[in-house]
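Report on the structure given below.
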Amino acid sequence: MVRSLEVGDSAPRSRQAHSLDVLRRFFRESGVYALGTVLGGVVSFVATPVLARLFSPAEYGALVVAAMFIGFLQAPLSLGIEYSLEVYAFDRGDVPDWQRLVTSGLTGLLVWAVAVSAVLLAWRGTLAHWLFNADGLETLFVLASAVAVLQIVLWYFCKLFRVTFRPWSFVVATGLHGPAAVLLGVVVVGLISTSVSAYYVVAVATTAGAAVFGAWSLRSLVVARWSAADFGKMLRFGLPLVPSTLLLAVVPLLDRFFITRLMGLGEAGVFALGLKVASVVALPLPVVSTAYAPHVGRLYFERGDYAAFLGTLFRLAVPGFAGLALAVILFRVPLVALFGGPEYAGAATLVPWLAGAAFFGMVASLINIGFGLRKRTIEVLLLAAAAVALGCVLNVVLIPRVGLVGAAWAALAAQLFLLSVGSARSGALLGARPFDLGILWKTIILVAAISAAAELAPSPRPGRGTAALGAAGLLAYGGGLFALRVIGWRWPLLPRRES
């Protein structure tokens, strides 16, 4: 087991210092990405009720369906090649000409985008009717398709911003595509035209503007050289990730599908609200994951002390993720009341299991980095398929016997499977086994013990009683982390004093 960056490590001080410097830069960049994420979340939260009032229910439904269509197309349209940039940006032994690889990937992606656009335009009438189950929405379908096609080019540039460590450029590009598009769309719909198509005209314009910004900012990486071998290498890496991404997106949806079939829509709604509350646990994941892979990739391929970096980050992240899961569990009753109402009270019993599933998924996203670094994306596909199969079996077996709790158990088991099998294989691929799984099990036991104690305690009065019980639980968690030596007084990101 490779130790993390603490006093007494035997690794050379120069390698430790370099890894600590990378860790500090990682957290600084994560802070920049967090600003963009928070801004996008706030704008979306504020704009949702405004759009709901500006549009009729049918128009708002068309808006949401178009957004879902754009999101669904993202993985198959991208061909997965942007993920290869996270590896080939640093593996220069396999890719000697980085600029040629970037150009080859972008050229192939543009050719694919044109071909897909031609198909979507040729079948726009049939596809629009099938998607919206209504007539007269061909223009909206064309606009949504344009956003989807422009978006894959934009994400390619955004991935390049990430692997070249330009967080502010990333935030500007995604800000133009996200918050700026929403705000301008609300203004146009409110002042000029109350049609869904007008909203998506703005989305096309802002996405195109963001793509132009990306192309201009990264123009030095594009050269007049094309290599079919480089593009093929990117496809071999990325294509298996397309069905993997779709399968992993299916895992959280399995339970609601089976609940709807076996119990009904009402129970599916209760479960969905519990899942919404538990999803608070995953809020830090987009921020951390955006900066994670590029920094690990650079250390790994440049022969840096990547194991120490991963070990230290794991030691910091796991207790933090687990603490957030515990907070959601302890305050689940008021959170359910805030998100829903009295008719959703049953969702509170599901939150502990679903919060655990979210926690396992977040930890798996850190541990399973080895698959990408060693270019074993086929194994990711097999792992995702096995998780989907396990979720299907457990939902069919458990829901008829124990109801909604059975679906929550199935979700927990699927994520635990991804974590346990993924960690064993990813650790073997990395070779160094940098993750101290003892920290993981200590935090799991600690969270489980505090949650059980809170459940056995006398029911607190709503308001101050619940707040006091939750605060006591979180204090006990902090004390337990010190007692179990999961954390200590020395903050690993501070520079060491020379003795």
Side-chain angles (χ1 to χ4, degrees), residues 69-91 94-95 98 100-117 119-120 145 147-164 170 173-174 177 207 211 214 218 221 226-251 285-286 289-290 292-294 296-297 300-301 361 364-365 368-388 418 422 425-426 429:
F69 172 68
I70 293 169
F72 175 79
L73 285 181
Q74 180 178 341
L77 283 181
S78 70
L79 300 174
I81 63 173
E82 79 276 13
Y83 295 109
S84 67
L85 295 173
E86 294 179 346
V87 172
Y88 292 127
F90 310 105
D91 188 7
D94 199 8
V95 180
W98 164 241
R100 188 185 66 187
L101 180 118
V102 170
T103 305
S104 301
L106 179 60
T107 304
L109 196 62
L110 290 173
V111 171
W112 173 244
V114 171
V116 171
S117 300
V119 173
L120 292 174
S145 300
V147 173
V149 171
L150 288 168
Q151 187 174 264
I152 63 169
V153 178
L154 172 62
W155 288 149
Y156 189 84
F157 291 138
C158 286
K159 188 72 73 172
L160 285 170
F161 284 138
R162 288 175 56 190
V163 299
T164 54
F170 178 93
T174 54
H177 170 64
T207 307
L218 298 163
L221 295 179
W226 155 266
S227 170
D230 283 348
F231 186 64
K233 192 177 298 183
M234 299 175 82
L235 283 178
R236 285 192 296 275
F237 183 98
L239 277 179
L241 294 177
V242 174
S244 302
T245 302
L246 296 176
L247 284 172
L248 291 174
V250 166
V251 171
L285 183 59
S289 61
T290 303
Y292 181 59
V296 178
Y300 182 81
F301 290 108
S365 68
N368 293 347
I369 188 71
F371 292 106
L373 294 176
R374 295 301 301 273
K375 308 181 185 72
R376 302 296 182 87
T377 50
I378 289 290
E379 295 185 28
V380 178
L381 173 58
L382 297 176
L383 184 63
V388 170
L418 288 171
R425 182 57 180 153
S426 179
L429 290 172

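Hydrogens, waters and symmetry mates are skipped; everything else that's a heavy atom, side chains included, is used.
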Reported CG-to-OG1 distance for the pair L239 and T377, which is rounded to 0.5 angstrom: 8.5 Å

Applying salt bridge (Lys or Arg N to Asp or Glu O under 4.0 Å), which residue pairs with at least one partner in residues 69-90 are found, sequence neighbours left out? E86-K159, E86-R162

Could you tell me if the side chain of S365 sits less than 4.5 Å from the side chain of Y292, heavy atoms only? no

Working to the nearest 0.5 Å, report the span between CD1 of I81 and NZ of K233. 14.0 Å

Working note: L418 + L383, criterion side chain to side chain contact (heavy atoms under 4.5 Å, CB included); need CA distance, chi angles, decisive distance, verdict. CA-CA 7 Å; L418 288 171; L383 184 63; 3.7 Å; yes

What is the minimum heavy-atom distance between V163 and P294, and which atoms define it? CA-CB, 4.1 Å

Drop me the distance from Q151's CD to T207's OG1, to the nearest 0.5 angstrom. 6.5 Å

For F90 and F301, work out which heavy atoms get closest and say how close. O-CB, 3.3 Å

Under the side-chain contact (heavy atoms from CB on, under 4.5 Å) test, residues paired with V380 that sit two or more places apart: L241, S244, F371

Over 60° means perpendicular and under 30° means parallel, so classify the ring planes of F231 and W226, tilted if in between. tilted

Contacts of type side-chain contact (heavy atoms from CB on, under 4.5 Å), residue S227, not counting sequence neighbours: R100, S104, A229, D230

Separation between CZ of F237 and CD1 of I378, rounded to the nearest 0.5 Å: 11.0 Å

Partner residues of A148 under the side-chain contact (heavy atoms from CB on, under 4.5 Å) criterion, sequence neighbours left out: I70, L73, L77

Mind checking the CZ-CG spacing from R376 to N368? Nearest 0.5 Å is all I need. 14.0 Å

Applying salt bridge (Lys or Arg N to Asp or Glu O under 4.0 Å) to R374 and not counting sequence neighbours gives none

Does a side-chain heavy-atom distance below 4.5 Å link K375 with R236? no

If you compare all heavy atoms of F69 against all heavy atoms of S145, which two are closest, and at what distance to 0.1 Å? CE2-OG, 3.7 Å

Do the side chains of L85 and L101 get nearer than 4.5 Å, heavy atoms only? yes

Any donor-acceptor N/O pair, Y156 side chain to V102 backbone, under 3.5 Å: yes

Identify the heavy atoms of I152 and S78 that sit nearest to each other, and give their distance. CG2-N, 4.0 Å

As a quick check of understanding, evaluate side chain to side chain contact (heavy atoms under 4.5 Å, CB included) for L154 and L150, giving each step before the final call. CA-CA 6 Å; L154 172 62; L150 288 168; over 6 Å; no

Closest non-hydrogen atom pair, P240 against L381: O-CB, 3.9 Å

To the nearest 0.5 Å, tell me how far F157 CZ sits from F170 CZ. 14.0 Å

For T164, the side chain to side chain donor-acceptor pair (under 3.5 Å) test, sequence neighbours excluded, returns R166

